[in-house]
Every structure is written in structure tokens, then in C-alpha cells.
Amino acid sequence: MGLPALEFSDCYLDSPQFRERLKSHEMELDKTNKFIKELIKDGKALIQALKNLSTAKRKFAESLNEFKFQCIGDAETDDEICIAKSLQEFAGVLQNLEDERTRMIENANDVLIMPLERFRKEQISAAKEARKKYDKETEKYCAVLDKHLSLSAKKKESHLHEADSQVDSVRQHFYEVSLEYVFKVQEVQERKMFDFVEPLLAFLQGLFTYYHHGYELAKDFNHFKTDLTISIQNTRNRFESTRSEVESLMKKMKENPHEHKSNSQHIMEGYLFIQEKRPFVSSWVKYYCTYQREPKRMTTVLFDQKSGGKVGEEESFILKSCIRRKTDSIEKRFCFDVEAMDRPGVITMQALSEEDRRLWMEAMDGREPVYNLNRDLQSEGVAQLDVIGFNVVKKFIYALETRGIDEQGLYRIVGVSSRVQKLLSLAMDPKTCADVELDSQEWEIKTITSAIKYYFRMLPAPLTTYQYQRNFIKAAKLDNPEARVTEIHQIVHRLPEKNRQMLELLTKHLANVANHHQQNLMTVANLGVVFGPTLLRPQEETVAAIMDIKFQNIVVEILIENHEKIFRDVPAGVCGRVNPQLHLSRRRSAENKAPSCSERPLTLFHTPTHSVKGEHRNSVGNSVGSDHQHQQQVPSSSNCSSSNSSSGGSSQGLTSRHSLTSNDGEADSARHSRPNSLAACPSPPSPRSPSWPMFSAPSSPQPTSLASSPQPTSLASSPQPTSLASSDSFPASISGRKARALYACKAEHNSELSFIAGTIFEHVHPSREPGWLEGTLDGRAGLIPENYVEFV
């Protein structure tokens with residue numbers, strides 16, 4: 001059934017039947033509008049899908065075009081040539097077909113989408129507006145008519161006449177709007193027959209054109225397709241005929257490998273493992289070696305099949321002698337030693353088997369060994385926080401920040417172990433460190449980052465020391481984030497100077513790496529995962545220690561995010577106040593004992609201006625008994641306590657003095673090198689908080705008298721006075737000299753002087769009180785702790 005016709009005369013009657021017919025037309029328009037809207041949406045989705053398909057086919061065609069066949073041998077048959085160029089032909093057909101598809105897609109928007117949207121907006125939307133106007137006028141006309149009919153007949157004639165005129169005017173306007181609306185509704189119903197269908201026809205015509213173009217391309221491609229089919233069949237037939245012969249040759253090689261092995265009377269070649277001895281590490285590296293008998297030249301090339309066959313640089317030397325190694329002289333099997341004319345030392349090589357070693361020794365005229373079985377093997381080096389360590393880390397960091405700060409996965413991607421050990425051994429060796437060029441492409445970024453991590457893992461103790469490892473973990477477990485930062489700030493400034501400076505150097509670099517996380521994808525959290533187990537490794541590997549790894553990561557994150565505050569500012573409570581959550585019991589123990597001068601910080605890493613002999617005479621290694629006697633003689637009125645008075649307290653006592661060589665390994669480094677420079681220390685906020693001196697990496701090791709006796713492992717663990725006031729410590733030439741305060745101190749007795757760091761004292765001379773000096777400050781004479789000053 002079609003839609004009933006709308007007569008204009010019905011607009012004046014406005015009957016229920018007319019309204020019903022008009023409503024059916026309105027419902028049809030709504031249905032058409034919804035259908036066109038969905039059709040436009042589906043059309044756009046189709047066009048987008050065609051675009052995606054075209055892009056994928058073009059990418060597929062590009063891949064075909066870029067691939068080049070490489071046939072075995074130095075010449076190709078006609079069939080192989082035809083097959084080799086087939087991919088380019090395929091790509092050309094696909095590209096041509098997609099060019100036509102692109103033209104169809106570009107026209108689809110103009111011939112389909114835009115006409116449908118225009119019909120919907122201009123025609124259907126206009127009919128909807130007319131409908132709104134018609135409904136509004138209907139409501140107005142009914143309201144005026146109801147009001148007019150409710151007028152009383154007793155009204156004045158003029159008033160009634162005016163009301164009649166108003167009703168006639170509204171009725172006439174209503175009839176006009178009704179006629180216009182009926183005209184528009186029927187117009188849209190008729191126009192959709194061609195304005196709606198014609199765009200669909202144009203779109204289908206574009207599709208037909210595209211498919212016809214494909215048909216024409218297929219006809220043109222038919223000749224090449226026939227030739228290619230023949231070439232493929234010929235190539236397959238030749239493969240089947242030659243495959244049996246190749247398989248037969250392979251079986252012969254399996255049955256008698258020595259008969260088919262290429263041997264030469266003048267050249268011996270094959271794989272050998274060469275022992276590389278470095279001060280830092282010793283390893284076995286695989287080389288492909290070629291030995292020429294007549295000039296006695298051995299050529300080695302670094303090569304490892306597991307790493308994808310990467311070839312290193314070629315090295316060669318002239319053979320001097322070759323001696324077989326006995327099995328009991330080395331842990332490896334099939335080894336022999338060679339000496340070179342142009343290279344010092346002995347080179348130890350390992351063959352792949354006993355037969356292989358025999359062939360190598362025959363080629364090189366090898367001899368049987370004469371060994372001294374008591375020979376000491378060279379011990380491997382251990383990483384230290386010394387001048388070399390600082391220089392190596394700084395060099396590695398500079399290379400990373402100039403070459404690869406934006407490389408993705410920085411520090412997370414691991415380098416090849418042999419390359420890492422080789423780089424670190426070369427950089428740690430004073431003879432070869434200057435020759436290491438990190439800005440060249442020889443050393444990959446992942447090799448340098450792995451070398452940095454490996455260096456810190458090879459330290460005798462973690463950078464945060466075993467002593468404070470648990471303190472850091474406890475600080476990371478605090479509930480308050482600000483308390484974590486504050487506590488870690490305190491602990492960092494209790495670390496030995498070398499450890500703190502190296503930690504500052506590393507965290508500053510890691511903060512720079514994190515600032516480039518948009519490029520290298522290494523956020524602060526990722527860096528914490530990488531360096532947490534390295535910088536805070538536990539002394540004993542237990543299940544509990546493994547469970548604390550996540551807190552190790554948090555410590556590293558806090559150090560990186562707050563590195564400027566932590567390392568720039570000396571915390572106010574570094575010597576007297578600590579977090580009550582961590583050290584409540586220790587603090588209570590310390591409250592029961594008056595602080596003494598022996599608890600002041602020891603200037604372990606400071607080089608005094610007096611002679612080394614004086615330092616030897618004033619060393620702390622005399623005896624434990626003399627230390628104990630000295631503690632009893634020190635006045636207990638001063639409150640110039642070090643950080644150990646709060647963190648260690650009296651609970652350590654003499655036990656800490658006996659435990660001067662802890663597992664931290666700091667004592668060993670202190671015995672071998674001592675920094676020779678001090679940076680100026682800022683004045684602390686509180687006069688009771690001594691400022692710990694900063695130092696730069698030592699430029700050269702200096703022997704000290706500390707080597708003959710155990711030494712404390714850190715400044716905060718077991719500080720001791722240096723006894724500068726003993727009778728043999730002060731020659732007559734230094735009596736009455738000036739001295740500078742290294743730390744701040746607040747006096748608690750009238751005979752003592754209060755001062756801050758940097759204060760200059762005059763007329764300084766030894767006092768009768770052990771551990772004290774006498775001096776003058778602002779015209780007032782008084783006692784000064786001897787280990788709080790240096791002579792100027």
C-alpha cells in the first residue's frame with residue numbers, strides 16, 4: 001500500500017482523517033531520514049575500510065618490490081632470472097590496481113556521501129522545520145478559538161467585532177501554514193526517488209570501473225604468468241634431480257669426515273679459545289685462528305657463532321715457541337702455551353679436542369713442557385673505590401650522556417658478558433685505560449651500561465655499605481613519604497666520604513637518564529628495579545632479603561628523585577637527631593651516658609697539614625688498652641657528639657673499636673689511598689651538628705701509617721680521636737699557631753669554646769687535657785676539641 005494523497009482542500013477542514021493521512025507521511029519521512037543517516041555512516045566505514053585495504057596492499061607490494069633473490073653461484077639461468085623478477089612484476093600489478101582503487105575512493109565521497117548528506121539536510125530537515133511551524137500554529141489557532149468562543153454576548157459590539165477580526169486573522173495564517181507544510185511533505189516524498197537513488201548508482205558505477213580495470217590488468221598479465229609458470233616447473237625439476245646427489249655427498253661427509261676435510265701443508269686453521277688475562281678479570285674468548293708455517297705467523301679473529309657470527313678485528317703475531325700444558329697445571333683441558341716474537345708474555349690457548357691440539361702443535365713444532373709447579377697464578381683484581389674507580393665511572397657516564405642517553409632500554413638491556421669484562425678490564429688497567437675510546441662504535445651502549453653495573457657489583461661491599469643496608473630498608477618502609485626522604489637524607493650523610501661521593505655521582509647521572517624517559521623509556525621506577533639489588537645488596541642472601549628487593553628499589557627511587565636535596569644539603573640532625581621510628585632503643589641507651597670527646601667524628605679521610613711522621617705518631621692503632629685509658633681521661637662535660645652518639649650510642653662501647661675491619665671493605669681502601677683535598681663544608685643550621693667534610697676523588701694513592709693497624713670502616717660506625725695533643729704530636733714550631741674549625745661545637749662548660757665550622761682560632765697549643773687544645777677566639781681563651789680543627 002502506498003501513501004494516501006494529501007488534498008489542499010483538506011487543510012481547511014482539518015479533519016481527523018486528514019490528520020491521520022498527514023501522520024503517515026511524517027512517519028515515512030522519519031523512517032527515510034533514519035535510513036539515510038545509517039547509510040551515510042556505513043558508507044563512510046566502507047570508504048575507510050577500502051583505504052585501509054589499499055594501504056595494506058601497497059605495503060605488501062612494497063615488500064615484494066624490495067626483496068631481491070640471491071641465487072647460488074655466479075650466474076643465473078633464464079628460469080632463475082624470470083623467477084627473480086617475478087616479485088617486481090607482482091608488485092607492479094598490485095600498485096597499478098591500487099592506483100585505480102584510490103581514484104574510486106576519492107570519487108566515492110563526492111558521488112555518494114556528499115549528495116546523501118545534502119538531501120538529508122536540505123530536504124528532510126526543511127520538512128521537519130515546516131512540521132514544527134505547523135504544530136505551533138495549530139496550537140495557537142486552537143487557543144485563540146477557545147478564548148473567542150468563551151466571550152459573553154453581553155460584551156460591547158465593538159469588542160466582539162474586534163475579537164471576530166482577530167480570530168479570522170489567526171485562522172487565515174493557520175490555513176496558509178497548513179498548505180505550505182502539505183506541499184513540502186509531498187515534495188520530499190517525490191524527490192527522494194531520484195535525489196536518493198542517483199548517488200548510489202554513481203558509486204556502483206565507480207566500483208564497476210575499478211573491477212573492469214582489474215580485468216584488463218589480468219589480461220595483460222596473462223603472458224608473463226604463463227612464462228613464470230613454466231620457469232617455476234623447470235626449476236622444481238632441476239632441484240629434484242640435484243637434491244639426491246647433494247644428499248649422497250652429505251652422507252659421505254658424515255661417514256668419513258677426515259677424508260673430505262681440507263688440509264694444507266702450509267696452513268693450519270680452526271677455532272681456539274684464548275685466555276685473556278687482565279688485572280680485573282680473566283676469561284676465555286673464542287677466536288678463529290690461522291697459522292702459516294713458513295713465516296710462522298698466527299692470525300686471530302674474534303668470532304662467536306652464538307652471537308650471530310659477528311667478526312671482530314684481526315690480530316696477528318710471529319710465533320716464537322709452542323709448549324703443551326700439562327693437565328694438572330691448569331683447570332682447562334687441551335691447552336698449550338705459545339710465545340710471540342713481537343708480543344710479551346705467554347699466551348694460553350685451548351683446542352677443541354686432544355686430536356685438535358696434536359694437529360696444532362705439529363703445525364707449530366710444539367714441545368713437551370717443563371713446569372715449575374709452585375708457580376703462583378696471577379690473582380684477579382677486585383674493584384675498589386679509588387682513583388681508578390672514580391675515573392672509570394666518570395668516563396663511562398660521560399660516554400653514555402653524550403652518546404646514548406636517549407637509547408631505549410638504557411641499563412635494562414644487558415651487554416655481551418665477554419665484551420663487558422673486556423671493557424672493564426681495559427678501563428681498570430692503568431696501562432690500557434688511556435687507549436679505551438668510548439666514543440667509537442667499538443663499544444656498544446649496552447656494553448658500557450653493563451660495565452657500570454658490573455663495577456658496582458664487584459665492590460667488596462655495596463655502595464651503601466653493609467652497615468647501613470638495613471637502615472636504608474627500614475627507612476623505605478616508613479609510612480610517611482616525607483619521613484622516608486628525611487631518614488635516607490640522614491643515612492646518606494653517615495656514609496664514608498668515598499661512598500657518598502660515588503653515590504652522588506651515580507644518582508645525578510641516573511636522574512639525567514630519568515629526565516629522558518620519553519625517549520629511553522627508563523623511568524625512575526625502572527632505574528630503581530635495575531640498581532636496587534646492586535646498590536643495596538644484602539650481606540647474606542636469605543628469603544627475607546629477597547622479599548626486601550622492592551624496598552631496595554624504593555630507596556634508589558628516592559635517591560634519584562631527591563638527589564639535589566640529599567647531596568647538596570647537610571641534614572640538621574646528622575650528628576644528634578635520627579628518626580625515632582628507627583633508633584628509639586639506641587637513643588634511650590645514649591641518654592644514660594654523657595657524650596665524650598671520643599665520640600666525635602674522626603677525620604679519617606682528611607690529610608692534615610703536618611707531616612706524615614706526626615700522623616704516624618698520632619695514629620689510632622697503638623692499642624685497645626690505651627684507647628680505653630684515653631676514654632677515661634677525657635672530660636665528659638662537652639656535648640660535641642658525632643652522628644655515632646645517636647645512631648650507635650653507648651651500646652657499641654669498645655666492641656665497635658675492636659670491629660674496625662668490617663665486611664664493608666672500607667678499611668682496606670683507606671689503607672691504600674687517602675684523599676688529599678677537602679672541599680669547603682657549609683655551616684650547619686645547629687651548632688651541635690658538625691659538618692662532615694666533603695672530598696674529591698684522590699689524584700694519587702698515598703701510603704699512611706694506618707696500614708699497620710685495623711681502621712674503622714666508616715665515619716659513623718666507630719669514630720675515635722686522633723690524639724693530636726700527645727707529647728710527641730706537636731713540635732715546638734707549631735705551638736701558638738692558628739687553626740680552623742672543621743665542625744661546629746656548642747660548649748657546656750665555662751672552660752670550653754663554642755664555635756661554628758670555619759671559625760679561625762689563634763694561639764692554639766696543646767692542652768694538659770688529653771684530646772683537647774687551648775686557643776683564643778674573639779679575645780677569650782678556652783678548650784677546643786683537637787679533632788675538630790686543622791692547623792693553617
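No hydrogens or angles considered: a donor-acceptor pair under 3.5 Å links the side chains of Asn512 and Glu401. For the 3.5 Å distance criterion, the side chains of Asn96 and Glu100 fail to qualify, holding no donor opposite an acceptor.
Checked options Glu137, Lys132, Glu26; the residue passing with Tyr181 is Glu26 (criterion: side-chain hydrogen bond (donor to acceptor under 3.5 Å, both in side chains)).
No more than 12 heavy-atom neighbours from other residues, nucleotides or ligands sit within 6.0 angstrom of NZ on Lys41. Counting non-hydrogen atoms of neighbouring residues, nucleotides and ligands closer than 6.0 angstrom, the CD atom of Glu198 reaches no more than 12 such neighbours. Counting non-hydrogen atoms of neighbouring residues, nucleotides and ligands closer than 6.0 angstrom, the CD atom of Glu482 reaches no more than 12 such neighbours. The neighbour count for Glu139 CD, taken as heavy atoms of other residues, nucleotides or ligands under 6.0 Å away, does not exceed 12. Around NZ of Lys225, the count of heavy atoms belonging to other residues, nucleotides or ligands within 6.0 Å does not exceed 12. Counting non-hydrogen atoms of other residues, nucleotides and ligands closer than 6.0 Å to NZ of Lys508 gives a total of 12 or fewer. In Phe183, the CZ atom is not crowded: 12 or fewer heavy atoms of neighbouring residues, nucleotides or ligands sit closer than 6.0 Å. Under a cut-off of 6.0 angstrom, the local environment of OH in Tyr215 is sparse, with at most 12 non-hydrogen atoms contributed by other residues, nucleotides or ligands.
Taking the side chain as every heavy atom from C-beta outward, Ile405 and Val513 approach each other to under 4.5 Å. Between Val555 and Ile488 there is a side-chain heavy-atom pair separated by less than 4.5 Å. Inter-residue side-chain proximity for Arg19 and Thr138 is flagged as met; some heavy-atom pair is nearer than 4.5 Å. Two residues are said to be in side-chain contact when any heavy atoms from C-beta on lie closer than 4.5 Å; Val182 and Phe18 meet this criterion. Between Leu503 and Leu535 the shortest side-chain heavy-atom distance falls below 4.5 Å. Considering only heavy atoms from C-beta on, Pro533 comes within 4.5 Å of Ile549 through its side chain. By the 4.5 Å heavy-atom criterion applied to side chains, Val111 and Gln205 are not counted as neighbours. You'll find the side chain of Arg131 stays beyond 4.5 Å of the side chain of Leu29, heavy atoms only.
In this structure a side-chain-to-backbone donor-acceptor pair under 3.5 Å is present from Gln88 to Asn65. No donor-acceptor distance shorter than 3.5 angstrom exists from the side chain of His25 to the backbone of Leu22, with no hydrogens or angles considered. Listed for the Thr402 side chain is a donor-acceptor partner under 3.5 Å among the backbone atoms of Ala399. Here the side chain of Glu557 pairs no donor or acceptor atom with the backbone of Gly528 at under 3.5 angstrom. Between the His148 side chain and the Leu160 main chain, no donor and acceptor come within less than 3.5 Å of each other. The backbone N or O of Val170 lies less than 3.5 Å from no partner atom in the side chain of His173, so there is not a single donor-acceptor pair. Checked by atom type and distance alone, the side chain of Ser169 never pairs as donor or acceptor with a backbone atom of Gln166 at under 3.5 Å. Between the side chain of Ser125 and the main chain of Arg120, a donor-acceptor pair closer than 3.5 Å is present.
Aromatic ring orientation, Phe67 versus Phe69: perpendicular (interplanar angle above 60°, classes split at 30° and 60°). Using the six-membered ring where Trp is involved, Tyr411 and Phe531 have ring planes that are perpendicular, over 60° apart on the 30 and 60° scheme. Using a 30° and 60° split on the angle between ring planes, Tyr175 and Tyr141 fall in the tilted class, from 30° to 60°.
For Phe208 and Tyr211, the ring centers sit 6.0 Å or farther from each other.
The two atoms that bring Thr449 and Leu400 nearest to each other are CG2-CD2, 3.6 Å, heavy atoms only. Residues Gly532 and Asn553 come closest through the heavy atom pair CA-OD1, 3.6 Å. The shortest non-hydrogen separation linking Asp195 to Phe119 is CB-CD1, 3.5 Å. Looking at every heavy atom in both residues, Leu478 comes nearest to Arg484 through O-NE, 2.6 Å. Contact between Ala61 and Gln95 at its shortest, heavy atoms only, is CB-NE2, 3.7 Å. Across all their heavy atoms, Arg403 and Asp439 have their closest contact at CD-CA, 3.6 Å.
Salt bridge status for Asp99 with Arg58: present, with a side-chain N to carboxylate O gap under 4.0 Å. Note on Lys192 versus Glu28: salt bridge recorded, some NZ/NE/NH1/NH2 to OD/OE distance being below 4.0 Å. We find that Lys44 and Glu117 are joined by a salt bridge, their nearest charged nitrogen and carboxylate oxygen being less than 4.0 Å apart. Electrostatic pairing of Glu98 and Arg101 counts as a salt bridge here, judged by a charged N lying under 4.0 Å from a carboxylate O.
To the nearest 0.5 angstrom, Ile47 atom CD1 is 12.0 Å from Asn52 atom CG. Distance check: Asp30 CG to Met27 CE gives 8.0 Å after rounding to the nearest 0.5 Å. One finds the NZ atom of Lys140 at 12.5 Å from the SG atom of Cys142 (value rounded to the nearest 0.5 Å). Interatomic distance, CG of Asn520 versus CD1 of Ile413, reported as 10.5 Å (0.5 Å rounding). Rounded to the nearest 0.5 angstrom, Thr464 OG1 and Met502 CE are separated by 13.5 Å. Atom CZ of residue Arg419 and atom NZ of residue Lys446 lie 10.5 Å apart, to the nearest 0.5 angstrom.
For His213, there are no ring-ring contact (aromatic ring centres under 6.0 Å, His included) partners at least two apart in sequence or on another chain.
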**Report entry** Derivation and outcome, side chain to side chain contact (heavy atoms under 4.5 Å, CB included), residues Leu521 and Asn526
**Finding:** CA-CA 8 Å; Leu521 306 181; Asn526 292 338; 5.6 Å; no
Query raised in the report: Would Leu527 and Val556 satisfy side chain to side chain contact (heavy atoms under 4.5 Å, CB included), going step by step from the backbone distance to the final call?
Result: CA-CA 8 Å; Leu527 293 173; Val556 176; 5.5 Å; no
Report task. Any chance you could lay out the side-chain hydrogen bond (donor to acceptor under 3.5 Å, both in side chains) test for Gln172 and Asp168, step after step, and finish with the verdict? Result -> CA-CA 6 Å; Gln172 183 63 31; Asp168 292 340; over 6 Å; no
Query raised in the report: Can you list the steps and then say if Phe224 with Lys85 is a side chain to side chain contact (heavy atoms under 4.5 Å, CB included)?
Result: CA-CA 11 Å; Phe224 178 78; Lys85 70 176 184 179; 3.9 Å; yes
Requested in this report: For the pair Glu62 and Lys59, evaluate salt bridge (Lys or Arg N to Asp or Glu O under 4.0 Å) and give the outcome as yes or no after the intermediate values.
Outcome: CA-CA 5 Å; Glu62 290 177 2; Lys59 183 64 176 63; 5.4 Å; no
Requested in this report: Dump the intermediate steps for side chain to side chain contact (heavy atoms under 4.5 Å, CB included) on Val93 and Glu89, then the final yes or no.
Outcome: CA-CA 6 Å; Val93 171; Glu89 291 289 336; 5.5 Å; no
